[in-house]
Amino acid sequence: MELRLYNTLTRQKELLTPIHPGEVRMYHCGPTVYQRPHIGNYRAFLFADLLRRVLELAGYQVLQVMNLTDVGHLVDDAEEGDDKLEAQARRDQLDPWQIVERVSAAFFADMEALAVKPAHVYPRATDHIVEMVAMVERLLEQGHAYRVGDNVYFDVHSFPNYGKLSGNRIEELEAGARLEINSEKKHPADFALWKSDAKHLMKWDTVFGPDGFPGWHIECSAMARKYLGDHFDIHTGGEDNVFPHHECEIAQSESVLEGPFVNLWMHTKFLQVDGGKMGKSLGNAYTLDDLSKRGFSPLDYRFLMMRGSYRNPLNFTWQALQGATEARRNLNDFRSRLAAEAGVTLVDLDSLHVDSAVNRTRLAFQAALSDDLNTSEALAALFVLRNSFIHGKLAAAEYSAALALLAEADDVFGFLDPVIAGGLTDAAIEQLLVARTEARAAKDFARADAIREELSAAHITLEDTADGLKWYRG
RNA sequence: GGCGACGUGGCCGAAUGGCUCAGGCACGUGAUUGCAAAUCACGUUAACCCGGUUCGAUUCCGGGCGUCGCCUCCA
């Protein structure tokens, strides 16, 4: 299974050829842990999870790193020295470190609820000050950076390729509407590697002075290098990261390394809400709790995210989420109905007859994912299989294989409900069904419904079909 | 001012220079029913606007309008 992935750097789909055969190493820009991430943030993290799962499906061994930014990024102008973490700390009258712990815990709980496979490392910026300082020192030695007092800046003119990721040109950045006035920088486009401010709460005593903290971009360069090596395969983030964050990472890292840094850059488009932007001030920066208040599970949201392309904006509406919920339920039911009839045969999907319906679905599924993670089309393939089952066009002999394929698909999508083990025995169920039939015959519908509720609570679904009563687990 | 993206039926959305625009949801009619739920059958609805290229454009090019991202931390 070969993968073709869209590279922001080259603006085209490229065949993935890992640096180390059989192994893919990747880095994802994670959350800034000053506030619980909203569903828009999770779009990017769900993408990272999807990518990892597809890579694993394709047989690669994956090393996945997602950072937690737990040190302040400046909110206003550099002079204010105010960062999001510290501002939040002031609002909550908490220590910034406490905020970090609280939000990180919420983040990991959300990720688990979303069925995200944990990355192999979640490094925190504040645990890697030493690595960052070393990198900044090296840039100074190389002449890529310069000091002004206790601050250190990267000299963008020292890196000829500055702008290659975003398409920005240094001259245009300078001519931009948002001029930096009164800066100590040599050039407005130069960016901070290390800053100092005695008023900062999170600060470190280093060779650059007693009150320093890292610049906005150096943390990812330093941590990626530590855990993934100098040159690795994939780096992802939201579209907002392209510039300046990833552009600056490239400048720093390729300067220090004097060689390549990342082969493939991938970026997710933003989630929109009701056709417009999402924002706290707009009141539509929903969290998973907001969804659950309306009766939706995190997996419903996960499913919704898989229905569109990560490279296109996705419009979140409650109606769309409702639609995703119903669709997900139908796929769950499909699995249950197959399970009720398939028996327990184990199927090796690799040995299916090439022309079998399940094998054709599998090929379509994999081909879609291989083409820059076309989840929409991959999902459609599963529904086509479901349709042929419903229309009686899927041979009973293929039920076990179909079930196995659904399991494989769910290894990638991860949105099906966990399979319930145990519960009522068949005999107990049959007994309840007899009681329900009697109640119905006696027009005691309240009792009949009560029995159905009881079965439903035990994850048994009933169908009064023309052929009689059917039931299945799920 | 500069860089980039998007605009498909009631909703969410793929693919695509012509062959039915996938799939899902919703909706309508019917079957089965307890004028319930679930299930099943059948069915309806499109491409922001204006030019251009082309035998032919939703798909390519240009312009307009709208939306989104970046140039300030941000998925």
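Residue numbering restarts at 1 for every chain, and letters A, B, ... go by the order of the sequence lines.
The same atom, P, is picked in C25(B) and in A38(B); the two are 13 Å apart, to the nearest Å. Taking atom P on both G13(B) and G7(B), the two are 10 Å apart, rounded to the nearest angstrom. Comparing G9(B) with U58(B), their C1' atoms sit 13 Å apart, to the nearest whole Å. Comparing the P positions of C27(B) and C11(B) gives an interatomic distance of 14 Å, to the nearest angstrom. Going from the C1' atom of A26(B) to that of C12(B) covers 11 Å, rounded to whole Å. Distance check on atom P: G24(B) versus G34(B) gives 31 Å, rounded to whole Å. Distance noted for atom P between U44(B) and G23(B): 14 Å (whole Å). As rounded to the nearest Å, U45(B) and U53(B) have P atoms that lie 33 Å from one another.
Using a cutoff of 4.0 Å between basic side-chain nitrogens and carboxylate oxygens, Glu14(A) and Arg4(A) are not scored as salt-bridged. Here Asp211(A) pairs with Lys203(A) in a salt bridge; the nearest charged N to carboxylate O distance falls below 4.0 Å. With respect to the salt-bridge test (charged N to carboxylate O, under 4.0 angstrom), the residues Arg36(A) and Asp289(A) qualify. Lys13(A) and Glu2(A) are not joined by a salt bridge, as no carboxylate oxygen comes within less than 4.0 angstrom of a charged side-chain nitrogen. Between Arg329(A) and Asp417(A) there is no salt bridge, since no side-chain N of the basic residue sits under 4.0 Å from a carboxylate O of the acidic one.
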Could you list all N or O pairs between the protein and nucleotides 23-28 of chain B that sit under 3.5 Å apart?
from, atom 1, to, atom 2, distance (Å)
G24(B), OP1, Asn387(A), ND2, 3.1
G24(B), O2', Arg307(A), NH2, 2.8
G24(B), N3, Arg307(A), NH2, 3.2
C25(B), OP1, Asn330(A), ND2, 2.3

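Note on Asn168(A): a base of the nucleic acid sits closer than 4.0 angstrom, heavy atoms only. If you check every strand for non-hydrogen atoms under 4.0 Å, His28(A) touches nothing. If you check every strand for non-hydrogen atoms under 4.0 Å, Gly40(A) touches a base. Counting non-hydrogen atoms under 4.0 angstrom, Gly163(A) reaches nothing in the nucleic acid. Looking at heavy-atom distances under 4.0 Å, Leu271(A) makes contact with a base. Using a 4.0 Å heavy-atom criterion, one finds that Met278(A) contacts the bases of the nucleic acid, with or without backbone contacts as well. In this structure, Ala448(A) reaches the bases: a heavy-atom distance under 4.0 Å links it to at least one base atom across the strands shown. Within the nucleic acid shown, Thr325(A) has no heavy atom closer than 4.0 Å to any nucleic acid atom.
For the OP1/OP2 pair of G69(B) and a distance below 4.0 Å, the side-chain nitrogens and oxygens of Lys277(A) include at least one atom meeting the criterion. In terms of phosphate contacts, Arg337(A) brings a side-chain nitrogen or oxygen within less than 4.0 Å of OP1 or OP2 of C40(B). Using a 4.0 Å cut-off, no side-chain N or O of His38(A) falls inside it from OP1 or OP2 of A75(B).
The main-chain N or O of Lys117(A) is found under 3.5 Å from a side-chain atom of Asp49(A) such that the two form a donor-acceptor pair.
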Query - Dot-bracket pairing map - RNA chain B, Watson-Crick plus G-U, both contacts under 3.5 Å, | cross-strand - result: (((((((..(((.....[....))).(((((.......)))))....(((((..]....))))))))))))....
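Stacking here means ring centres nearer than 5.5 Å and ring planes tilted less than 30 degrees, and by that measure Phe45(A) does not stack onto A75(B).
For Asp300(A) and C12(B), the CG to P distance is 18 Å, given to the nearest whole Å. Between the C1' atom of C74(B) and the CD atom of Glu219(A) lies a distance of 12 Å, rounded to the nearest Å. Distance CZ (Arg436(A)) to C1' (U33(B)): 10 Å, rounded to an integer number of Å. Across the protein-nucleic acid pair, Lys269(A) atom NZ and C12(B) atom C1' stand 19 Å apart, rounded to whole Å. Atom CZ of Arg43(A) is separated from atom C1' of C68(B) by 12 Å (rounded to the nearest Å). Counting to the nearest Å, the P atom of C71(B) and the CG atom of Asp190(A) are 17 Å from each other. Taking atom CG of residue Asn241(A) and atom C1' of nucleotide G4(B), one finds them 15 Å apart after rounding to whole Å. As a whole-Å value, the separation of Asp372(A) CG from A15(B) C1' is 14 Å.
Atom CD of Glu326(A) has more than 12 heavy atoms from other residues, nucleotides or ligands within 6.0 Å.
The closest side-chain heavy-atom distance from Asn67(A) to Cys29(A) is below 4.5 Å. Under the 4.5 Å side-chain criterion, counting only non-hydrogen atoms from C-beta, Met202(A) is in contact with Trp97(A).
With U39(B), G69(B), C12(B) as the candidates, the nucleotide lying closest to the side chain of Phe270(A) is G69(B). Listed nucleotides: C68(B), A41(B), A36(B). Nearest to the side chain of Ile390(A): A41(B). Ranking G2(B), C71(B), C40(B) by closeness to the Glu172(A) side chain, first place goes to G2(B). Residue His391(A) has its side chain nearest to C42(B) when only A15(B), C42(B), G13(B) are considered. Closest approach to the Arg440(A) side chain among A15(B), A36(B), A75(B) is made by A36(B) (side chain taken as heavy atoms from C-beta onward).
Classified by interplanar angle (parallel below 30°, tilted 30° to 60°, perpendicular above 60°), the ring pair Phe389(A)/Tyr399(A) is perpendicular.
With hydrogens and angles left out, the side-chain atoms of Glu184(A) and Asn151(A) include a donor and acceptor closer than 3.5 Å.
Along RNA chain B, the nucleotide nearest Leu314(A) and the nucleotide nearest Arg329(A) are compared for position; the residue whose nucleotide lies closer to the 5' end is Leu314(A). Positionally, the nearest nucleotide of RNA chain B for Arg11(A) lies more toward the 5' end than for the other of Arg11(A) and Arg452(A).
A side-chain hydrogen bond (donor to acceptor under 3.5 Å, both in side chains) with Arg311(A) is found for exactly one of Asn374(A), Asp372(A), Thr8(A), namely Asp372(A). Here the rule is ring-ring contact (aromatic ring centres under 6.0 Å, His included) with Phe191(A), and of Phe154(A), Phe243(A), Phe159(A) only Phe154(A) fits it.
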